[in-house]
Amino acid sequence: MEKIITKDGSIAEVEGVEALHSLRHTASHIMAQAIKHLYGGADGKAVKLAIGPAIDTGFYYDIDMERKLTEEDFADIEAEMKKIVKQNLKLERSVLSREDALKKFADEGENYKVELITDLPADAEISLFTQGDFTDLCAGPHVESTGKVKAFKLMSLAGAYWRGDEHNKMLQRIYGTAFFTKDELKDYLTMLEEAARRDHRKLGKELDLFSLHDEGPGFPFFHPNGMVIQNELLNYWRQVHRRYRYNEIKTPIILNRKLWETSGHWDHYKENMYFTKIDEEDYAVKPMNCPGAALVYKTHTHSYKDLPLRLAEVGLVHRHEKSGVLHGLFRVRNFNQDDAHIFMTMDQVEGEIQKVIDLFDEVYKTFDLSYKAELSTRPENSMGSDEDWEKATSALQKALENRGLDYIVNEGDGAFYGPKIDFHLKDSIGRTWQCGTIQLDMQLPEKFDLTYVGEDGEKHRPIMVHRVVYGSIERFIGILIENYAGAFPVWFTPVQIKILPITDKHLEYSQKLCDKLFDLGFRVEVDDRSEKTGKKIRDAQVKKIPYMIVIGDKEIETGILPIRKYGSQNSVDMSVDDFISYVQEKIATRSSEY
RNA sequence: GCCGACUUAGCUCAAUUGGCAGAGCAACUGAUUUGUAAUCAGUAGGUUGUAGGUUCAAGUCCUAUAGUCGGCUCCA
């Protein structure tokens with residue numbers, strides 16, 4: 001239990017995340033104080049402070065000053081912070097009137113604080129926290145004194161726009177982390193090192209899954225091992241979608257400008273699209289699959305009896321992403337969406353969305369992934385009537401609530417054509433990435449004049465849903481690499497079985513065994529190098545191959561195979577047939593155990 | 001796109017104040033015939049991201065540019 005000074009100024013005893021959050025908030029004040037001391041000049045005005053909150057991984061402070069900080073300054077700042085910690089200064093909360101607060105910060109040249117105060121609601125209490133010679137506008141909470149901050153470390157520097165708006169000035173952001181004890185800090189740093197070992201960019205290279213080249217920034221190249229994963233994921237995807245009664249289509253990558261004008265992308269998505277000319281006419285490379293699906297829909301008249309009509313498509317889309325955002329397989333410029341467009345009546349929306357959520361849940365469970373759902377509502381640059389947005393948003397909300405899913409709401413984060421539910425998955429260091437998404441679209445059926453014939457014999461407008469489970473195959477593979485640290489379940493790992501003959505004498509038998517397993521559909525290889533067994537085992541372990549079989553005189557004589565599983569120190573004996581059915585069972589059940 | 005850092009052999013990394021571009025692993029060749037996490041020896045591998053500049057001399061300093069990394073913004 002830790003004592004903290006809460007937002008209303010009272011003292012409370014808290015523990016866990018809440019206590020840590022307070023500690024880190026105080027740490028950010030200590031850092032700001034240290035930076036003021038070191039670089040603020042006599043009156044402190046050379047350093048202007050913006051905001052400095054605690055975050056999940058620690059804290060940061062955004063500052064504005066002429067001097068450009070580098071990581072070499074960290075040692076100085078940390079040393080100054082240590083002094084402040086050692087002084088064990090009490091944090092004291094005070095309240096000022098709006099005028100007094102504005103005057104105080106204006107006098108100090110803290111124009112960002114002035115702006116923050118100005119934007120506080122009229123009835124807000126303006127609280128300050130003071131430690132020694134440093135006072136900051138702050139709602140709290142904080143720990144009682146600077147001496148509590150026993151273990152901290154500055155982590156990185158970054159630029160950050162004031163108020164997150166790219167039209168504003170870019171400030172210098174310093175990230176740090178803090179813990180109550182040195183051991184906790186050490187554990188955290190160790191965890192980060194381990195996470196770096198799971199990084200999909202590193203493992204992608206080591207396991208020879210994919211590569212990225214200067215010749216195509218953001219356009220990943222998949223190697224044979226990576227393609228095994230991709231194809232297995234798609235096989236599984238097709239099985240699931242068959243069961244959920246989807247039909248698959250394929251639409252072209254390059255389509256005429258007119259189509260994109262009809263769909264609204266030409267007006268709303270142009271900055272993310274690539275263009276080309278064919279026979280003097282404008283064409284665009286598709287950033288989404290939906291207009292193609294709309295054209296397929298229109299090739300027939302549809303009865304209400306056809307609905308819901310589920311058209312799946314694994315579509316390769318290209319999007320121009322700003323150069324600074326590319327990130328391994330997580331953020332690329334072309335990717336395969338495991339898309340589907342569902343056409344239905346308004347009455348069917350809620351039930352159909354629930355089916356989609358069921359499908360998502362099933363798929364994520366298969367990969368041992370936990371996810372977080374987010375509902376995004378109407379953005380500013382959007383099309384359609386208030387009423388339609390209202391109806392669509394509440395249908396999504398109801399589906400989420402009926403399924404009992406926890407979700408958060410992102411106001412104004414929807415697509416320009418409708419609200420959406422996003423499913424976020426975590427990478428190795430806890431950053432979340434949007435994978436699955438369910439987007440209601442009231443616009444496209446209108447734009448493309450999509451209709452179905454109702455019971456009444458009249459034409460009606462269907463509702464459309466876009467949805468992806470994996471999101472992008474590329475991103476999903478990245479998530480899987482980090483989730484499994486490269487040790488994939490048998491069913492989609494690139495090489496399932498490695499046969500290790502002890503000497504050349506055992507090569508022939510090994511090769512025969514390999515052929516037999518290969519013909520049964522297993523991904524199996526023989527290590528026929530003239531290396532010692534220990535070396536072959538080591539290499540197979542490093543490549544994270546699920547099953548190793550050492551073949552020597554004994555095995556040839558008895559026909560019993562010693563199976564050594566990945567991560568295990570010893571082997572278990574199995575007959576060839578038992579081993580075959582054992583592995584077949586692991587694959588059939590998509591087990592993540594070996 | 002913006003802020004900062006980085007870029008040396010296939011990979012991971014060295015190279016003192018500017019002074020002969022190197023190691024381990026991988027690859028290849030040969031020897032070795034090996035029983036559960038690295039056998040030995042040899043060979044080859046480079047316009048130091050790219051383009052300029054400063055200098056007697058540039059991996060090292062300067063400018064531009066590309067890419068990568070950490071963030072911001074944006075997003076599957």
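Note that the structure is predicted; figures quoted are calculated from it, not measured. Sequence lines set the chain letters: A, B, ... in the order given, protein chains first and strands last, and positions in each chain run from 1.
Remark: Q337(A) is not in phosphate contact with rA76(B), judged by side-chain N or O atoms under 4.0 Å from OP1 or OP2. Distances shown here put every side-chain N or O of R538(A) at or beyond 4.0 Å from the OP1 or OP2 atom of rU39(B). Between rA26(B) and K543(A), no contact under 4.0 Å exists linking OP1 or OP2 to a side-chain N or O. In this structure, T437(A) does not reach the rA76(B) phosphate: none of its side-chain N or O atoms is under 4.0 Å from OP1 or OP2. Look at H327(A) and you'll find a side-chain N or O under 4.0 angstrom from OP1 or OP2 of rG70(B). For the pair K420(A) and rA76(B), the criterion of a side-chain N or O lying under 4.0 Å from OP1 or OP2 is met.
Checked by distance alone, Q172(A) brings no side-chain donor or acceptor within 3.5 Å of a matching partner on the base of rG71(B).
Nucleotide rA57(B) has no partner under the Watson-Crick or G-U criteria, as no pair reaches both atom distances under 3.5 Å. A 3.5 Å limit on both hydrogen-bonding distances identifies rG49(B) as the Watson-Crick or G-U partner of rU65(B). With a 3.5 Å ceiling on both atom-pair distances, the Watson-Crick or G-U wobble partner of rA23(B) is rU12(B). Summarising the base pairing, rG70(B) is matched to rC3(B) through a Watson-Crick or G-U wobble pair whose two defining distances lie under 3.5 Å.
Contact annotation for K205(A): backbone-only contact, meaning every heavy-atom pair under 4.0 Å involves sugar-phosphate atoms and none involves a base. Nucleic acid contact class of G328(A) (heavy atoms, under 4.0 Å, all strands): sugar-phosphate only.
Y188(A) and F179(A) have tilted rings, their planes meeting at an angle from 30° to 60° on a 0 to 90° scale.
Atom C1' of nucleotide rA76(B) and atom CG of L425(A) are separated by 11 Å, given to the nearest angstrom. Put simply, CZ on R331(A) is 4 Å from C1' on rC75(B), counting in whole angstrom units. With rounding to whole Å, L326(A) atom CG is found 13 Å from rA66(B) atom C1'. Look at CG on D64(A): it is 19 Å from P on rC2(B), rounded to the nearest Å. Note: CZ (R431(A)) to P (rC69(B)) measures 10 Å, nearest angstrom. Atom CZ of R201(A) and atom C1' of rG67(B) are 14 Å apart (whole Å). Atoms CZ (R333(A)) and P (rU68(B)) sit 8 Å apart, rounded to a whole Å. rU12(B) atom P lies 16 Å from atom CZ of R197(A), rounded to whole Å.
Of all heavy-atom pairs between R319(A) and M288(A), the closest is NH2-CG, 3.7 Å.
Nearest to the side-chain atoms of Q439(A) among the listed nucleotides rU36(B), rA76(B), rC72(B) stands rA76(B). Picking from rA76(B), rG70(B), rA37(B) the nucleotide with the shortest atom distance to the side chain of S156(A) gives rG70(B). For D553(A), the listed nucleotide lying nearest its side chain is rG35(B); candidates were rU34(B), rG35(B), rG67(B). Here rU73(B) is the nucleotide among rA38(B), rU73(B), rA37(B) with the atom lying nearest to any side-chain atom of K322(A).
With both ends at atom C1', the span from rG59(B) to rG49(B) equals 12 Å, rounded to whole Å. To the nearest whole angstrom, the two P atoms, one in rA44(B) and one in rU29(B), are 15 Å apart.
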*Show your working on salt bridge (Lys or Arg N to Asp or Glu O under 4.0 Å) between D199(A) and R201(A) and close with a plain yes or no.*
CA-CA 5 Å; D199(A) 190 305; R201(A) 293 165 298 190; 2.6 Å; yes
*Given salt bridge (Lys or Arg N to Asp or Glu O under 4.0 Å), test K543(A) with D539(A) step by step and report yes or no.*
CA-CA 6 Å; K543(A) 294 289 178 196; D539(A) 287 350; over 6 Å; no
*Show your reasoning for whether salt bridge (Lys or Arg N to Asp or Glu O under 4.0 Å) applies to E313(A) and K286(A).*
CA-CA 13 Å; E313(A) 170 172 18; K286(A) 70 176 176 184; 3.1 Å; yes
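Between Y175(A) and rG71(B), no base-stacking contact is recorded for ring centres under 5.5 Å apart and planes less than 30° from parallel.
In this structure, K68(A) and R163(A) both approach RNA chain B, and ranking their closest nucleotides by distance from the 5' end singles out K68(A). Residues Y161(A) and S530(A) each lie close to RNA chain B; by heavy-atom proximity, the contact nearer the 5' end of the strand is made by Y161(A).
Results of the ring-ring contact (aromatic ring centres under 6.0 Å, His included) test with Y470(A) over F476(A), W433(A), Y364(A) single out F476(A) as the only residue that passes.
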